[in-house]
Structure formats: structure tokens, C-alpha cells
2 protein chains.
Amino acid sequence: MRPSDFTPRFSKTEASFCPFCPGSEDATPPELLALRAPDAPADVGRWTVRAFPNRFPALRVEGELERTAEGPYDRVSGIGAHEVIVETVRHDETLADLGLPALGEVLWAWRERILDLGRDLRLAHVQIFKNHGPEAGATILHEHSQVIALPVVPRDVALEREEQQAWFGRKERCLTCDIVRHERRDGERLVFENARYAVLCPWAPLSPFVLWIVPKGHSSHFEAIERHELESLAEALRLALRKLDKALERPAYNFALHSGPLRGAASPSLHWRLEVAPTLTVPGGFERGTGSWLNSTPPEEAAAFLRKVRE
Amino acid sequence: MRPSDFTPRFSKTEASFCPFCPGSEDATPPELLALRAPDAPADVGRWTVRAFPNRFPALRVEGELERTAEGPYDRVSGIGAHEVIVETVRHDETLADLGLPALGEVLWAWRERILDLGRDLRLAHVQIFKNHGPEAGATILHEHSQVIALPVVPRDVALEREEQQAWFGRKERCLTCDIVRHERRDGERLVFENARYAVLCPWAPLSPFVLWIVPKGHSSHFEAIERHELESLAEALRLALRKLDKALERPAYNFALHSGPLRGAASPSLHWRLEVAPTLTVPGGFERGTGSWLNSTPPEEAAAFLRKVRE
């Protein structure tokens with residue numbers, strides 16, 4: 001172990017060889033899924049979206065799931081999955097550049113991986129997320145999202161669901177439906193809506209320019225999405241990314257899918273959303289100590305700015 | 001609002017003029033506290049540690065504390081305090097360079113500010129923290145810690161206390177005392193101990209090389225520290241920082257004080273600690289979505305490495 005083992009932080013890691021480009025399929029572990037956009041031109045190879053296990057996984061499918069005590073601590077074995085979903089065949093293309101049918105295939109790939117991983121009953125949670133740009137944690141710049149499946153439900157995921165369930169328990173209404181209704185009526189934090197989805201700057205975000213992409217109708221599980229809804233969601237996501245690109249000069253960003261429990265039945269209290277967060281600030285000692293983040297950009301200002309910029 | 005308003009992130013912000021240097025006292029808001037180390041040489045001016053309000057505060061003392069509802073949301077007015085504690089008169093000196101009596105004065109200044117802010121009954125929490133280096137969020141490089149006082153108890157602070165209280169409720173023993181006892185006996189994650197304090201790599205840390213500096217005897221509130229304990233704590237903190245400097249080539253880092261409730265009586269279940277975290281990784285989409293962090297450096301490896309390096 002040398003200090004250099006811990007200092008990849010701000011280095012732009014892009015080799016001349018890209019393992020995610022078509023023709024390099026041998027350089028990745030065996031393929032889990034390959035999709036082809038209906039409008040893909042003949043010259044882009046045999047896939048437009050491709051999923052495979054991460055070569056340096058945080059968790060592995062192989063082995064026994066064991067839960068053990070160690071002194072005052074709890075340990076669970078690192079059973080799970082860590083996958084990469086390459087979102088385009090073109091090395092320099094971003095998610096915001098994709099055509100709507102091609103972006104729809106990326107969303108469909110998320111659904112497919114969630115449903116497939118859910119068949120492994122040892123797994124308790126599947127997290128879909130993306131790190132775009134080195135400042136957001138990307139180490140390979142060819143556009144991709146990631147999937148991590150865990151044998152436990154992470155704390156913040158459980159807490160968020162508890163809050164939504166507590167709200168429903170008191171009011172017999174979905175908290176997120178209440179929020180979406182309020183934001184559509186109020187308009188101050190709303191950025192965009194089409195027939196099915198709203199893009200909004202949420203109340204009290206952790207950091208500047210956080211965006212929610214959320215179904216306007218009630219839906220607890222992302223993976224319940226139907227083929228005919230893909231293009232509408234792709235439109236909302238692409239618009240959000242293009243507006244961020246214009247407003248903030250192509251920022252690094254992360255997104256994370258918040259969805260209902262794996263293998264869970266449709267729930268009246270939970271409501272899925274995709275949360276996009278450009279990387280504009282560094283969490284410091286205050287954020288690490290309290291879990292609260294200082295944010296000097298009110299969501300109303302961010303939304304007004306994003307409504308104005310043309311995507 | 002322009003894109004450049006949100007892009008100070010990785011720029012090294014150090015002007016030729018430093019408002020924290022002696023002689024620039026006029027450039028800061030009026031002083032709240034000035035301490036002088038007992039061993040300070042005559043040539044270092046009239047203070048060695050100096051506290052004053054942040055010129056660009058996240059919260060302000062002035063105004064009425066109001067809690068209001070806004071649609072489905074809760075709002076509380078930004079009443080509080082945001083202060084800077086300059087830790088040395090020397091522009092280029094780091095906390096790890098200080099003599100133990102001088103470092104002891106820094107710790108004493110934390111205590112003084114917590115006790116003073118606790119007199120304002122509108123305030124519910126005082127967070128002592130530090131951002132060292134631009135990658136850790138520092139915008140002025142002259143060494144300083146910060147104080148933020150809030151009208152609410154932040155979520156993670158409340159959750160941590162609830163966990164400690166639940167453990168005590170079941171076992172009638174302090175969780176942190178159990179941890180410290182286990183780590184001192186086990187030794188694998190222990191880095192250092194003197195008569196009063198232990199330095200250890202905690203179980204399941206969010207990121208590589210996180211360190212706890214924790215009293216070995218039970219103590220719920222940092223601000224209950226006595227003058228004669230300062231040098232022992234300063235020794236533990238300085239050793240931790242010097243070992244990190246050697247092991248990781250002077251990394252940027254954050255620390256945050258975890259202590260009992262403001263104005264609270266001594267508690268048998270709560271136990272204060274200082275948590276130091278070098279900035280080696282970026283939280284990405286997975287971390288933002290789940291609150292769980294991927295960490296590829298086990299604390300046992302970090303502790304073994306830190307025990308070996310000479311501070």
C-alpha cells in the first residue's frame with residue numbers, strides 16, 4: 001500500500017484504449033445484456049446499450065451470504081453485484097446527446113437489470129446510479145451508468161421509505177404525490193413537465209441545482225415502467241441534462257434512482273424518482289459531521305435559471 | 001447568477017492578501033475571542049488563537065426564530081452562528097506543526113465557543129469542524145476551524161444519539177465505551193493511545209483512513225474537558241494529523257466533533273469523539289443515493305499502515 005494508491009482523486013483517467021468501445025468487448029467480463037435501439041443506424045455494431053459485470057466490483061455474486069457478529073459489530077459478507085451499463089457505442093457521446101429511442105433503451109436496460117437481479121433472493125436492494133465526469137467519481141469517461149446490488153437495504157433508503165410510509169399512515173396520501181401536486185400548482189420550483197413526468201428543483205436540496213425527475217401519476221417502482229412510457233421519460237431526462245449542460249457549462253454530475261423495495265408489490269405510499277445532482281460543491285467537515293449540507297443556491301433560483309436556459 | 005458562481009470547486013483560492021494573518025484584524029468582523037498560548041514567543045503578536053464571525057455566514061444571529069409551514073414543507077429561519085477560529089498566527093503553519101500548548105489553546109477555544117453559543121437558547125446544536133485544503137472545501141488556506149450553530153439538531157446527529165441511547169437502553173453500558181474497550185483489547189484498528197485518549201480506525205468507515213480521537217474514560221460532552229486534559233488530547237490529535245501527513249503525503253482532510261446535546265447534562269449513553277477524514281475519494285451517485293459509501297481500504301489495513309509510519 002503506497003500513498004499513490006489513494007490519490008486518483010482529481011486525475012483525469014482516460015487511456016488511449018477504451019474498454020467500453022465497440023470492438024473491445026473482450027476487455028470486459030461476459031455480457032449480461034445487449035440492447036439495440038430501434039432507430040440505430042446500421043453502422044453502429046450489434047448493440048447500442050450493453051451491460052456486464054464491473055471488472056473491479058465492490059461486491060460479488062459468488063459465495064455464501066453470512067451474517068456474523070464481531071465484538072460489538074455486525075458483519076455481512078460482500079455478496080451482491082456491481083455492473084456497468086454502457087449507454088452508447090460512441091466514445092464521445094453523452095447521455096444528453098442521445099436520441100430519445102436510444103435513451104429509452106438505456107432506461108429499459110435499468111429495468112431489465114433490476115428485474116434480473118431481483119431473482120437472486122439473497123439481494124435486498126439494487127441501486128442504479130451514474131457518475132459523469134471525473135469530479136463526480138467517473139474513472140472511465142465513455143458514458144455509462146452503474147448498478148450495485150446489496151444484501152442489505154442501505155440506511156438512507158430505509159429512512160426515506162419510513163418517512164413516506166409515516167406520511168401515508170397519517171394522511172392516507174402519498175407524500176411524493178403531494179409534493180408533485182404542490183410544485184405543479186406553485187410553479188416556483190418546476191422546470192418542465194410533459195404528459196407523464198415532471199422535472200423540478202426539490203425543496204431544501206443538499207446541493208445546488210439538484211433535480212428530480214418524477215412520474216406525475218403515482219408509481220412506486222421504476223421497474224414497473226412500460227415500453228410506451230420510455231420516450232416520455234427519456235424526454236424529461238434529456239431535457240434536464242441539456243439544461244444543466246447549458247446552465248453550468250457541462251458540469252460533472254451524479255444521479256441515483258430512488259425506487260420501491262426490490263421484489264416489492266406496488267405500494268400506495270412509495271413513489272419512485274430519479275435524482276440528478278451536478279458536482280458543484282465539496283462536502284466538508286460540516287456535511288460529514290451532521291448529514292446536513294450547506295447550500296447557498298435556493299431551489300427557486302435554480303429552477304428560474306433552468307426554465308430560462310434553452311436546452 | 002452566472003455559471004462561474006458555482007465553479008470555485010477545484011480552484012486554489014489563495015490571494016496575496018490573507019485576512020487571517022496578524023495585522024489584518026480589521027479585515028474580519030469584530031473578534032469574539034482571542035487566546036494566547038502560555039509558551040507563545042514574544043514576537044507573535046497579541047493572540048495565538050482568534051475567533052470571529054464568518055464574513056459570509058451560512059446563518060446569522062440577528063432576527064427572529066420562526067418555524068413556518070409552506071405547502072407540505074417545514075421552514076425554519078436561518079438563525080444561528082457561523083464563526084471562524086484562526087488556529088495560528090503563522091500563515092504557512094498547519095495544525096500538525098503546532099506545539100502542544102498552542103494546540104491545546106485551539107481546543108480550549110472550541111470549548112469556549114460552544115459554552116458561549118449555548119447561552120443563546122434559540123440554538124439547538126453547535127458543530128465544530130474543519131476543512132483543511134481546497135479539496136476538503138477550504139477557501140482560505142490560513143489554518144482555521146469553523147463553528148456553525150443551528151436552531152435545529154441535524155438528522156445524522158440525532159440518529160447517532162438515538163443509536164447510542166438504544167444500546168444503553170438494552171445493555172446499560174455506553175456503546176462507545178464498549179467500542180473503545182474492544183479496540184484496545186483487539187488492537188487491530190488501534191493506532192495510538194496515551195493516558196486519556198485513543199486514536200483508532202473505526203469499524204466500517206465511510207472512506208479510507210477515517211480516524212477517531214476519543215476519550216478512553218466515559219465523557220459525553222467535549223466542552224466538559226478540563227485545562228489539565230488539553231495537552232493529552234493535543235498530543236493524540238497532533239499524532240493523528242502527523243501520521244496522516246506522512247502516510248498520505250499531506251492530504252486535504254475534514255474533521256467534525258461529535259459531542260452531546262448543547263446545554264445537556266452529562267449523559268451515561270453518549271460519548272464524544274473527534275472524527276478526522278482525509279479527502280481521498282469523491283462521494284458519487286451510489287453514496288448520494290444510499291448514504292452508504294464504498295470504501296476499498298479496510299480500517300485494519302489503514303491502522304496497520306498508520307502504526308508503522310513515524311509521525
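Note that this is a predicted model, so its numbers are computed, not measured. Numbers restart at 1 for each chain; the letters A, B, ... are given by sequence-line order, proteins then strands.
Remark: B:R60 CZ is loosely packed, at most 12 non-hydrogen atoms of other residues, nucleotides or ligands lying under 6.0 Å away. Crowding of B:E70 atom CD: a count of heavy atoms from other residues, nucleotides or ligands under 6.0 Å exceeding 12.
If you measure heavy-atom distances from B:V152 to chain A, you find no contacts under 4.5 Å at all. The part of B:L150 that comes within reach of chain A is its side chain, from C-beta onward, which places non-hydrogen atoms under 4.5 angstrom from that chain. Neither the backbone nor the side chain of A:Q146 comes within contact range of chain B, judged by heavy atoms closer than 4.5 Å. Residue contact with chain B, scored on non-hydrogen atoms closer than 4.5 Å, is absent for A:V309. Looking at B:L159, only its side chain comes within 4.5 Å of chain A, counting heavy atoms on both sides. With a 4.5 Å cut-off on non-hydrogen atoms, A:L59 does not touch chain B at all. The part of A:Q127 that comes within reach of chain B is its side chain, from C-beta onward, which places non-hydrogen atoms under 4.5 angstrom from that chain.
For the options B:G291, B:G284, B:G137, heavy-atom pairs under 4.5 Å to chain A are most numerous at B:G284. The most heavy-atom pairs under 4.5 Å with chain B, out of A:L257, A:D74, A:V276, come from A:D74. Heavy-atom pairs under 4.5 Å with chain A peak, among B:F255, B:Y73, B:F286, B:F56, at B:Y73. Counting heavy-atom pairs under 4.5 Å between each of A:E287, A:E183, A:E275, A:H125 and chain B puts A:E183 at the top. Annotation: maximal heavy-atom pairing with chain A below 4.5 Å, among B:R185, B:H132, B:K130, B:R288, occurs at B:R288. Heavy-atom pairs under 4.5 Å with chain B were tallied for A:G71, A:A256, A:P154; the largest tally goes to A:P154.
Salt bridge A:D156/B:R155: present, at least one basic N to carboxylate O contact under 4.0 Å. Checked for salt-bridge contact, A:R273 and A:E160 meet the test: a charged N lies under 4.0 Å from a carboxylate O. Note on B:E311 versus B:K246: no salt bridge recorded, every NZ/NE/NH1/NH2 to OD/OE distance being 4.0 Å or above.
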Quiz: residues 173-182 of chain A side-chain donor-acceptor pairs under 3.5 angstrom, not counting sequence neighbours:
{"from": "A:R173", "atom 1": "NE", "to": "A:D178", "atom 2": "OD1", "distance (Å)": "3.0"}
{"from": "A:R173", "atom 1": "NE", "to": "A:D178", "atom 2": "OD2", "distance (Å)": "3.0"}
{"from": "A:R173", "atom 1": "NH2", "to": "A:D178", "atom 2": "OD2", "distance (Å)": "2.8"}
{"from": "A:D178", "atom 1": "OD1", "to": "A:R181", "atom 2": "NH1", "distance (Å)": "3.0"}
{"from": "A:D178", "atom 1": "OD2", "to": "A:W167", "atom 2": "NE1", "distance (Å)": "3.1"}

ask   = So B:H271 and B:H258, side chain to side chain contact (heavy atoms under 4.5 Å, CB included) or not? Walk me through it.
value = CA-CA 8 Å; B:H271 191 131; B:H258 295 241; over 6 Å; no
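Partners of A:T94 according to the side chain to side chain donor-acceptor pair (under 3.5 Å) rule, which considers only residues two or more places apart in sequence or in another chain, are A:D97.
Using a 30° and 60° split on the angle between ring planes, A:H82 and A:F129 fall in the tilted class, from 30° to 60°.
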